[in-house]
S.K.: 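Pasting a structure below so you can have a look.
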Amino acid sequence: MHFILLITLFFAVCSAAAPQKLIALPDASAAPFSPPTIKSVSFSGNGCPQAGGGKQISGGWQHFAFTLPDFAASYGGSKPRSVNCQAHMSLGGGESGWQVAIKDIWTKGHLELEPDVKLTQFITVYYSQDAANTVSTVQAVTSPSSSTLSRDITIYSSIPKESVVWSPCISSNGDVGLLNVNFRVSLTSTNGPSYGFFGGGRNLTVNERWGWTWRQC
């Protein structure tokens, strides 16, 4: 089972220069059960090479985030046009009789788009225990047709409750499973000489934060 959710964003949406609705992240006090713990996290993909130690992880399960200082894609520049990073998170110590799922994802970075250049973000979520059961979100960001967009942005992805991918039901041993989240961006253009970039800015590195939901099983 594979769901794909498509959202198109225009340049002002979620940008640092535009008003934004604050979205609260769930925390341990809001969870109706004892939250699981992160046993281990690893990464794969050309946006987060295993060698080099560029990855930075912060927060526990309820405020998990990671920063990727070397993550960068460009159109008409020296970086690849398509870049991805997949996080593999092993969760344990959960409370029996509950399931958890990713509901919200916030991606921050610096964006530069000349006219006719588009940034598309793809996020795919699944648990290794049932790799065929996935959900994917697609967000497209475009610049104005007559000017260049250059600003820090936050791209917000929300998975509808009926489409989230649930963990296996936590058993008495507390094991939740291995969660995989693949984050990819791609830059395309209908105008060959154009330029586009997504990556770190003067005061910002690419980072991603997750929000969760839960249910009894």
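Positions are given from 1, in the same order as the sequence printed here.
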S.K.: With Asp175, which residues qualify under side-chain hydrogen bond (donor to acceptor under 3.5 Å, both in side chains), at least two apart?
M.R.: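 Once residues adjacent in sequence are excluded, Asp175 has no partner under the side-chain hydrogen bond (donor to acceptor under 3.5 Å, both in side chains) criterion.
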S.K.: Roughly how far, to the nearest 0.5 Å, is the CG atom of Leu187 from the CG atom of Leu111?
M.R.: 7.5 Å
S.K.: Do Gln86 and Asn180 pass the side chain to side chain contact (heavy atoms under 4.5 Å, CB included) test, and can you show the C-alpha distance, the side-chain angles, and the key distance before you say yes or no?
M.R.: CA-CA 7 Å; Gln86 183 163 244; Asn180 305 276; 4.1 Å; yes
S.K.: Considering non-hydrogen atoms only, spot the tightest contact between Gly200 and Val206 and give its length.
M.R.: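 Looks like N-CG2, 3.9 Å.
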S.K.: So which heavy atom on Gly47 is nearest to which on Cys85, and how close?
M.R.: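 Reported closest heavy-atom pair: C-CB, 4.3 Å.
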S.K.: Under the side chain to side chain contact (heavy atoms under 4.5 Å, CB included) rule, collect the residues that match up with Pro115, sequence neighbours excluded.
M.R.: Thr148
S.K.: Counting C-beta onward and ignoring hydrogens, is there a side-chain heavy-atom pair between Gln139 and Ser157 closer than 4.5 Å?
M.R.: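 They are in side-chain contact.
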S.K.: Please enumerate all residues that pass side chain to side chain contact (heavy atoms under 4.5 Å, CB included) together with Ser150, with sequence neighbours excluded.
M.R.: His110, Glu112
S.K.: Taking all heavy atoms of Ser194 and all of Val117, pick out the closest pair and write down the distance.
M.R.: CB-CG2, 3.4 Å
S.K.: Mind checking the CH2-OG spacing from Trp214 to Ser167? Nearest 0.5 Å is all I need.
M.R.: 12.5 Å
S.K.: Atom OG of Ser158 and atom CH2 of Trp106: how far apart are they, to the nearest 0.5 Å?
M.R.: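 Separation between the atoms: 8.0 Å.
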S.K.: If two hydrophobic side chains count as joined below 4.5 Å and joins carry through other members, does Tyr126 share a cluster with Val181?
M.R.: no
S.K.: Supply the atom-to-atom distance Gln121 CD to Asn84 CG, rounded to the nearest 0.5 angstrom.
M.R.: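 Separation between the atoms: 12.0 Å.
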S.K.: Side-chain contact test, heavy atoms from C-beta onward, threshold under 4.5 Å: evaluate it for Val100 versus Val176 and give yes or no.
M.R.: yes
S.K.: Take Phe122 and Ser186, measure what side chain to side chain contact (heavy atoms under 4.5 Å, CB included) needs, and give me the verdict at the end.
M.R.: CA-CA 8 Å; Phe122 307 87; Ser186 177; 4.0 Å; yes
S.K.: Going by atom types only, do Lys118 and Ser189 share a side-chain donor-acceptor pair under 3.5 Å?
M.R.: no
S.K.: Check whether any side-chain heavy atom of Leu149 sits under 4.5 Å from a side-chain heavy atom of Arg151, and report yes or no.
M.R.: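 SC-SC contact between Leu149 and Arg151 confirmed.
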S.K.: Quick one: CG on Asn182 to CD1 on Ile123, what's the gap to the nearest 0.5 Å?
M.R.: 9.0 Å
S.K.: Would you confirm whether Ser74, through its side chain, and Lys79, through its main-chain N or O, come within 3.5 Å as a donor-acceptor pair?
M.R.: yes
S.K.: Carefully, step by step, assess Asp116 and Thr142 under the rule side chain to side chain contact (heavy atoms under 4.5 Å, CB included).
M.R.: CA-CA 8 Å; Asp116 302 318; Thr142 59; over 6 Å; no
S.K.: If you count the non-hydrogen atoms of other residues, nucleotides and ligands that lie under 6.0 Å from CG in Asn173, is the total more than 12?
M.R.: yes
S.K.: Do Phe66 and Trp210 come within less than 4.5 Å of each other through their side chains, counting heavy atoms only?
M.R.: yes
S.K.: Side chains of Arg81 and Thr188: is there a donor and an acceptor less than 3.5 Å apart?
M.R.: no
S.K.: Under the rule for side chain to side chain contact (heavy atoms under 4.5 Å, CB included), what residues qualify as partners of Ser90, not counting sequence neighbours?
M.R.: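 Scan of Ser90 (side chain to side chain contact (heavy atoms under 4.5 Å, CB included), adjacent residues dropped) gives Lys39, Ser40, Leu178.
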S.K.: In Å and rounded to the nearest 0.5 Å, what is the CD to SG distance from Gln99 to Cys169?
M.R.: 5.0 Å
S.K.: Can you name the residues that form a side chain to side chain contact (heavy atoms under 4.5 Å, CB included) with Asn207, not counting sequence neighbours?
M.R.: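 In terms of side chain to side chain contact (heavy atoms under 4.5 Å, CB included), with neighbours along the sequence ignored, Asn207 is linked to Thr67, Lys108, Leu204.
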S.K.: Tell me, do Thr137 and Val125 make a side-chain contact under 4.5 Å, heavy atoms counted?
M.R.: no
S.K.: Sorted by first residue and then second, give each ring-ring contact (aromatic ring centres under 6.0 Å, His included) pair with at least one member in residues 179-200; sequence neighbours left out.
M.R.: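 Every pair satisfying ring-ring contact (aromatic ring centres under 6.0 Å, His included) with a residue in residues 179-200: Phe71-Phe183.
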S.K.: Taking all non-hydrogen atoms of both residues, which atom of Pro80 and which atom of Ala72 are closest, and how far apart?
M.R.: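 Taking Pro80 first and Ala72 second, the nearest heavy atoms are CD-O, 4.2 Å.
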S.K.: Given Lys161 and Thr213, is the side chain to side chain contact (heavy atoms under 4.5 Å, CB included) satisfied, shown in steps?
M.R.: CA-CA 8 Å; Lys161 190 71 173 287; Thr213 187; 3.3 Å; yes
S.K.: Counting C-beta onward and ignoring hydrogens, is there a side-chain heavy-atom pair between Ile102 and Asp104 closer than 4.5 Å?
M.R.: no
S.K.: Look at the side-chain heavy atoms of Ile, Leu, Val, Met, Phe, Trp and Tyr, link any pair under 4.5 Å apart, and say whether Trp98 and Val165 land in one connected group.
M.R.: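 Linked within one cluster.
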S.K.: Hey, does the side chain of Ser143 reach the backbone of Glu114 with a donor-acceptor pair shorter than 3.5 angstrom?
M.R.: yes
